[in-house]
Amino acid sequence: MKILLCCLAGVTSTLFSTKLKDAASRKRVDATVWSASEHAVEYSSNLADVILVEPQLKGSYEKIKADNPDKPVILISDDDFKNFNAQKIFDMAYEAYQK
């Protein structure tokens, strides 16, 4: 499973990516997680199975979703991102990937 985390600048997304990898590991799911800034999403979205969008990019969510109609695009809630609720976010991504 390949998860792309779309971020604004990449500062907290690196740590969040690590937390998502840990969550996948706990579920025994082989997952690759990487982050890309808003401007680089179009170059790596084709490699992803699921795209996660950080709350700072909620204004770009619809565009990212429209640009990737064949895959799940999930907007992370402010609370889940602020609290680093990686297990919940990973579970949502995994469920979307399974559909």
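Numbers here are sequence positions counted from 1. What you see is a predicted model, and the numbers here were worked out from it, not measured in a lab.
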Peer 1: Please work out which of the three classes, parallel, tilted or perpendicular, describes the rings of Tyr94 and Phe90, given edges at 30° and 60°.
Peer 2: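 Correct class here is parallel.
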Peer 1: Would you compute the distance between atom CZ of Phe16 and atom CD1 of Ile76 and round it to the nearest 0.5 angstrom?
Peer 2: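 Spacing of CZ (Phe16) from CD1 (Ile76) equals 4.5 Å.
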Peer 1: I'd like to check Val41 versus Val53 (side-chain heavy atoms, cut-off strictly below 4.5 Å). Are they in contact?
Peer 2: no
Peer 1: Would a distance-only check, ignoring hydrogens and angles, find a side-chain to backbone donor-acceptor pair under 3.5 Å from Lys88 to Asp80?
Peer 2: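 No: the side chain of Lys88 does not pair with the backbone of Asp80.
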Peer 1: At what distance, to the nearest 0.5 angstrom, does CG of Leu47 lie from CG of Leu4?
Peer 2: 8.5 Å
Peer 1: How far apart are the closest heavy atoms of Ser13 and Leu5, and which atoms are they?
Peer 2: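 Taking Ser13 first and Leu5 second, the nearest heavy atoms are O-CD2, 3.6 Å.
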Peer 1: Mind checking whether Asp79 and Asn85 have side chains closer than 4.5 Å, heavy atoms only?
Peer 2: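 The answer is no, as the side chains (C-beta and beyond) never meet within the 4.5 Å cut-off.
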Peer 1: To the nearest 0.5 Å, what is the distance between OG1 on Thr32 and CG on Leu20?
Peer 2: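 Nearest 0.5 Å value for the OG1-CG distance: 12.5 Å.
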Peer 1: If you look at every heavy atom in Ala93 and Ile74, which pair is closest and at what distance?
Peer 2: CA-CD1, 3.8 Å
Peer 1: Hey, are the side chains of Lys58 and Asp78 touching, using non-hydrogen atoms and a 4.5 Å cut-off?
Peer 2: yes
Peer 1: By salt bridge (charged side-chain N to carboxylate O under 4.0 Å, His left out), which residues pair with Lys63, not counting sequence neighbours?
Peer 2: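 In terms of salt bridge (charged side-chain N to carboxylate O under 4.0 Å, His left out), with neighbours along the sequence ignored, Lys63 is linked to Asp67.
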Peer 1: Measure across Pro72 and Asp49 and return the closest heavy-atom pair with its distance rounded to 0.1 Å.
Peer 2: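 Answer, listing the atom of Pro72 first, then Asp49: CD-O, 3.3 Å.
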Peer 1: Identify, with sequence neighbours excluded, every residue that meets side-chain hydrogen bond (donor to acceptor under 3.5 Å, both in side chains) alongside Asn46.
Peer 2: none
Peer 1: Heavy atoms, side chains only, cut-off 4.5 Å: are Ile64 and Ser45 in contact?
Peer 2: no
Peer 1: Looking at CD1 of Ile3 and CG of Leu52, how far apart are the two atoms once the value is rounded to the nearest 0.5 Å?
Peer 2: 6.0 Å
Peer 1: For Pro55 and Phe81, work out which heavy atoms get closest and say how close.
Peer 2: CG-CB, 3.6 Å
Peer 1: Within the supplied structure, the quantity of interest is the number of heavy atoms (other residues, nucleotides, ligands) at a distance under 6.0 Å from Lys2 NZ; does it exceed 12?
Peer 2: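 No, the 6.0 Å shell around NZ holds no more than 12 heavy atoms from other groups.
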Peer 1: Given Ser60, which partner from the list Lys65, Glu54, Glu38 fulfils the side-chain hydrogen bond (donor to acceptor under 3.5 Å, both in side chains) test?
Peer 2: Glu38
Peer 1: Mind jotting down which residue pairs meet the salt bridge (charged side-chain N to carboxylate O under 4.0 Å, His left out) criterion with at least one end in residues 15-33? Sequence neighbours excluded, please.
Peer 2: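 Listed once each, the pairs are Lys27-Asp91.
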